[in-house]
Undergrad: 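Supplied in structure tokens, the structure appears directly below.
Numbering of ligands and ligand atoms starts at 1, following listing order.
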Amino acid sequence: MSSKSGGTRVAIIGAGMAGILAGIKLREAGLTDFRIYEKADRIGGTWRENSYPGLTCDVPSHAYTYSFEPNPDWSHHLPPGPEIQAYFERTMAKYGVDQHIAFNEEVVRCAFEDGRWQLETRSGTRDTADIVIAATGVLHHPSYPDIAGIDAFAGDCFHSARWDHSVPLDGRRIGIIGNGSTGVQIVSALASRAGRLKHFQRSAQWIMPTVNDPFTDEERAAFHADPLLLKSMQNDPAYLEVAWGWTEAIIDADSSTMVQTEAAARANLEANVSDPVLREKLRPNYRAGCKRLIHSPDYYQAIQHPNAELVTDGIECIEPKGVRTRDGILHELDLIVFATGFDAHRFMRPMNVIGRGGVELSQAWAKRPAAYMAISIPDFPNLFMLNGPSGPVGNFSLIDIAERQWAYISHFIAMIASGRAREISASHAALEAYEQERIKAAQTTIWGSGCNSWYLDAEGVPSTWPWSYRHFAAEMAVPRMGAYELVGPDIGSMQ
Ligand code: NAP
């Protein structure tokens, strides 16, 4: 691997949406000495790993695109997973990022030694970089349920993010465990195909109605013909108002938007589930928005399909023939799918990351993952995170978030590349103050209003950005340099 020869060497970890973005932006800035390390044999991150039937992003297609690469060809108002994967692959090739990617290269160690990062991959490849961009994603470590007998099942069985496409589905007895955004989409896709489908629900979910019509041929032709029209779809003010307004509602649980959202979710349940017993089983006992809101055009229809059954009795264990619930019933199945989510708090771990003075990331994050502005960790100079801990996550585009984070990080990259600083990392004082304020604010958000979700850290504190999106956008516009510790050839060490 090449190392620094006058220029600035950058290592990007992960070739998902954020890693590809970093590659495109580095090339745009004229910094071509970089490598993207990807543990798998394809790009795409979460869109590569998830391929379950019904996979769809619930952010509008034209908002779920890079700002600089609009896509006139989206087939539907909400983008199907395979189209998103194809979009990233196309974009990567178009912007020449493919030549920078090292596939099947999982970075296992990353240590800051003598002012530079030393990287090592599982296959033994080594690299030296001035800057590391951790673009490892959030939802990629599958979480398996701690159900007794989980290995005892004699049929087919896999996690939703490890879908085995060789397993037949039509006419079979299928059990789906979990009813987050994933489980709901799988049930919607399979209810009419399965011979019998059982949806195991531990907690009910609020579900917002949504429309997912296809774009017509005429609409797509108009997007091709008129770049301004296409751009206006990306920046659709109606969507932005809803998305940004939603972030303001989340942090003010009594806001009128939140009250209206709850009313809409309740009305969706009342209007679309006719059986009063089923309706009550589907009614959550916590506030809408506490868990990530599910947007579905058809889940209520799917669960009322004659082939489908909602099982709420709680799982006792898994046995060779199926799932036994606490009421003693054995639900005999041919296939079990664990739609049980992800360990969202690992970020780049289990990679062994060692910062200045031998500080290990596992020590720095012993209590909880933390990064100043979700970007920088004290003692880990020149390591910047995209979609790191405490970044905004919710029902809006992670692409927009990553682009704003990149704009922020690019200030640091320019400083390092031009020699104005050699090492940049948030100060301990800045992270401490940030975390104090963040945790205080997080506790009064809707996520902290009394439910269990992957937004909560090990201590039950919501781990996502607890302020408005407007505030996030303002913070990302330009770094507060007073929060950073700089080491440079001319300035020595200063804060
Ligand atoms: P999730 O939201 O974390 O849901 C996990 C589900 O598994 C929950 O219903 C949970 O029940 C259940 N579960 C976990 N352990 C269980 C156990 N031992 N027994 C029974 N049930 C158990 O995971 P996800 O659905 O994969 O979604 C994760 C995130 O991915 C989403 O929040 C979203 O950010 C993203 N996603 C987005 C889209 C999209 O359309 N944009 C689609 C899919 C996923 P409890 O609720 O009781 O804990």
Side-chain angles (χ1 to χ4, degrees), residues 16-17 45-47 49-61 63-64 76-81 83-84 137-150 158-163 175-189 198-208 210 212 243 281-282 284-286 289-299 310-318 323-326 331 336-345 387 391-399 401 447 450-456 460 462-464:
M17 172 277 289
T46 195
W47 300 107
E49 302 210 353
N50 285 286
S51 62
Y52 60 77
L55 175 68
T56 308
C57 179
D58 62 11
V59 174
S61 301
Y64 200 79
H76 285 71
H77 283 257
L78 302 180
E83 281 184 37
I84 300 173
V138 185
L139 301 166
H140 59 110
H141 298 292
S143 169
Y144 289 84
D146 54 350
I147 298 174
I150 188 166
F158 43 77
H159 189 275
S160 56
R162 297 283 179 272
W163 200 274
I176 310 291
I177 300 180
N179 61 333
S181 302
T182 302
V184 160
Q185 290 185 342
I186 296 172
V187 168
S188 298
K198 304 225 177 183
H199 195 192
F200 296 89
Q201 169 188 290
R202 185 167 67 178
S203 328
Q205 288 271 10
W206 287 112
I207 297 187
M208 290 292 279
T210 189
N212 187 17
K281 285 184 177 178
L282 287 166
N285 60 1
Y286 56 87
C290 186
K291 292 175 190 273
R292 186 182 190 274
L293 259 187
I294 294 177
H295 289 75
S296 171
D298 49 8
Y299 174 74
L310 184 74
V311 180
T312 57
D313 290 308
I315 297 172
E316 176 72 32
C317 62
I318 293 178
V323 172
R324 190 175 293 280
T325 41
R326 290 203 195 106
H331 302 264
I336 299 176
V337 177
F338 300 117
T340 43
F342 300 87
D343 178 351
H345 302 277
N387 297 314
V393 281
N395 295 85
F396 38 87
S397 173
L398 262 189
I399 300 184
I401 293 164
W447 305 303
C451 70
N452 182 33
S453 80
W454 65 265
Y455 289 152
L456 304 181
S463 55
T464 169

Undergrad: Which residues satisfy the salt bridge (Lys or Arg N to Asp or Glu O under 4.0 Å) test with K291, sequence neighbours excluded?
TA: none

Undergrad: Taking only residues two or more places apart in sequence or in another chain, which ones pass disulfide bond (SG atoms under 2.5 Å apart) with C451?
TA: C290

Undergrad: In terms of residue, atom name and distance, what is the protein heavy atom nearest to atom 46 (O) of ligand 1?
TA: K291 NZ, 2.6 Å

Undergrad: When you compare ligand 1 with R292, is there at least one nitrogen or oxygen pair between them that comes in under 3.5 angstrom?
TA: yes

Undergrad: If you apply the rule ring pair (Phe, Tyr, Trp, His ring centres under 6.0 Å), what do you find for H159 with F342, and how did you get there?
TA: CA-CA 10 Å; H159 189 275; F342 300 87; 5.5 Å; yes

Undergrad: Among all protein heavy atoms, pick out the one at the shortest distance from atom 44 (C) of ligand 1; state its residue, atom name and that distance to 0.1 Å.
TA: T182 OG1, 3.4 Å

Undergrad: Atoms of ligand 1 less than 4.0 Å from S203 heavy atoms?
TA: 45 (P), 46 (O), 47 (O)

Undergrad: Could you tell me, atom by atom, which parts of ligand 1 come under 4.0 Å of a heavy atom of L139?
TA: 29 (C), 30 (O), 34 (O), 35 (C)

Undergrad: Parallel, tilted or perpendicular: which one describes the rings of W163 and Y52, with boundaries at 30° and 60°?
TA: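 Tilted.
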
Undergrad: Tell me, which protein residue and heavy-atom name are nearest atom 36 (N) of ligand 1, and how many Å apart are they?
TA: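 Going by distance alone, atom 36 (N) of ligand 1 is nearest to S181 CB, 4.0 Å.
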
Undergrad: Taking atom 18 (N) of ligand 1 as the point of reference, which of C451, P145, P142 owns the nearest heavy atom?
TA: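 Among C451, P145, P142, the closest heavy atom to atom 18 (N) of ligand 1 belongs to P145.
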
Undergrad: Given V138, L293, D58, identify the one with the heavy atom nearest to atom 39 (C) of ligand 1.
TA: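 Looking at heavy atoms only, the winner is D58.
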
Undergrad: When you measure from atom 23 (O) of ligand 1 to every protein heavy atom, which one gives the shortest distance, and what is it?
TA: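 Of the protein heavy atoms, G341 CA, 3.1 Å lies nearest.
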
Undergrad: Among protein heavy atoms, which sits nearest to atom 28 (C) of ligand 1, and what does the distance come to when rounded to 0.1 Å?
TA: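 Answer for atom 28 (C) of ligand 1: W454 NE1, 3.7 Å.
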
Undergrad: Counting each atom of ligand 1 from 1 as listed, which ones have a heavy atom of A339 under 4.0 Å away?
TA: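 Per the distance check, 5 (C), 6 (C), 7 (O).
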
Undergrad: Considering heavy atoms of the protein only, find what lies nearest to atom 4 (O) of ligand 1 and give residue, atom and distance to 0.1 Å.
TA: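 The protein heavy atom lying closest is G180 CA, 3.7 Å.
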
Undergrad: Output the list of atoms in ligand 1 that are nearer than 4.0 Å to some heavy atom of G178, sorted by atom number.
TA: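 Listed by number with element, the hits are 6 (C), 7 (O), 9 (O), 12 (C).
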
Undergrad: Return the residue, atom name and 0.1 Å-rounded distance of the protein heavy atom closest to atom 15 (N) of ligand 1.
TA: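 The closest one turns out to be R202 NH2, 3.5 Å.
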
Undergrad: For atom 9 (O) of ligand 1, what's the nearest protein heavy atom and its distance?
TA: N179 OD1, 2.6 Å

